[in-house]
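Sequence positions, counted from 1, serve as the residue numbers for this chain.
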Amino acid sequence: QVQLVESGGGLVQAGGSLRLSCAASGRTFSSYGMGWFRQAPGKEREFVAAISRNGGTTTYADPVKGRFTISRDNAKNTMYLQMNSLKSEDTAVYYCARRALTVDYITSRGSSYDYWGQGTQVTVSP
């Protein structure tokens, strides 16, 4: 019953910024931990960032620490990923994901997430 829709991707020059959004249509958005993942051509999906149900706890993959910020607005049923100081290696399809209700802790493991959006393309030019 939950639909996740990413938006905000596009083309940006290295050093620039981009803000991704993930809109959830479900009625119980605040009940779920959420996360962002990305996948570049020829590479496996990798974890980017995760956030707890109320937004009080966040965690980031090492390559994006200090540059990306994950946040959520439960009143708007929306999660965000603010990306600053973008690098060419950030180029990928970015996915938002819902953590399984049975998982009661923040985690970077993709297997702990049970619902995924369609993805949005982010391309960073040199």
Linking I/L/V/M/F/W/Y whenever any side-chain heavy atoms sit under 4.5 Å apart, do Y113 and V93 land together?
yes
Using a distance-only test with no angle check, is there a side-chain donor-acceptor pair under 3.5 angstrom linking R99 and Y32?
no
L18 and G8: which non-hydrogen atoms are nearest, and at how many Å?
CG-O, 3.5 Å
Over all atoms of both residues, closest heavy-atom pair of M83 and L86
CB-CD2, 3.8 Å
Quick one: do D104 and R53 satisfy side chain to side chain contact (heavy atoms under 4.5 Å, CB included)? Show the steps, please.
CA-CA 10 Å; D104 296 327; R53 294 170 180 176; 3.7 Å; yes
Smallest separation among heavy atoms of N74 and S30, with atom names
ND2-CB, 3.5 Å
Return yes if some donor-acceptor pair links the side-chain N/O of R67 with the main-chain N/O of S85 below 3.5 Å, else return no.
yes
When every non-hydrogen atom of N84 is compared with those of Q82, the smallest separation belongs to OD1-NE2, 3.0 Å
Does Y60 reach the main-chain N or O of I70 with its side chain, forming a donor-acceptor pair under 3.5 Å?
yes
Spatial distance of atom CD1 (I106) from atom OG1 (T58) [nearest 0.5 Å]
6.5 Å
Describe, in one word, how the ring planes of F37 and F47 are oriented to each other, choosing from parallel (under 30°), tilted (30 to 60°) and perpendicular (over 60°).
perpendicular
Is it the case that one hydrophobic cluster holds both Y80 and I51, taking links as side-chain heavy atoms less than 4.5 Å apart, direct or via other members?
no
Approximate separation, where rounding is to 0.5 Å, of R98 CZ and F29 CZ:
10.5 Å
Run the numbers on N54 and S52 for side chain to side chain contact (heavy atoms under 4.5 Å, CB included), then give the verdict.
CA-CA 6 Å; N54 65 359; S52 61; 3.3 Å; yes
From the options R38, E6, Q39, select the one residue that forms a side-chain contact (heavy atoms from CB on, under 4.5 Å) with Y94.
R38
State plainly whether one hydrophobic cluster holds both Y95 and V103, where clusters connect Ile, Leu, Val, Met, Phe, Trp and Tyr through side-chain heavy atoms under 4.5 angstrom apart.
no
Out of curiosity, does L11 fall in the hydrophobic cluster containing V124 (side-chain heavy atoms, cut-off under 4.5 Å, transitive links)?
no
Could you pull out the closest heavy-atom pair between M79 and C96, with the gap in Å?
CE-CB, 3.5 Å
What closest approach, in Å, do T78 and A23 show between heavy atoms, and which atom pair accounts for it?
OG1-CA, 4.4 Å
Quick check on the hydrophobic clustering: are V64 and L20 connected, directly or via other members, by side-chain heavy-atom contacts under 4.5 Å?
yes
Considering only NZ, NE, NH1 and NH2 on the basic side and carboxylate oxygens on the acidic side, decide whether K65 and D62 come within less than 4.0 Å.
yes
Neighbour count >12 (heavy atoms, 6.0 Å) for atom CD, E89:
yes
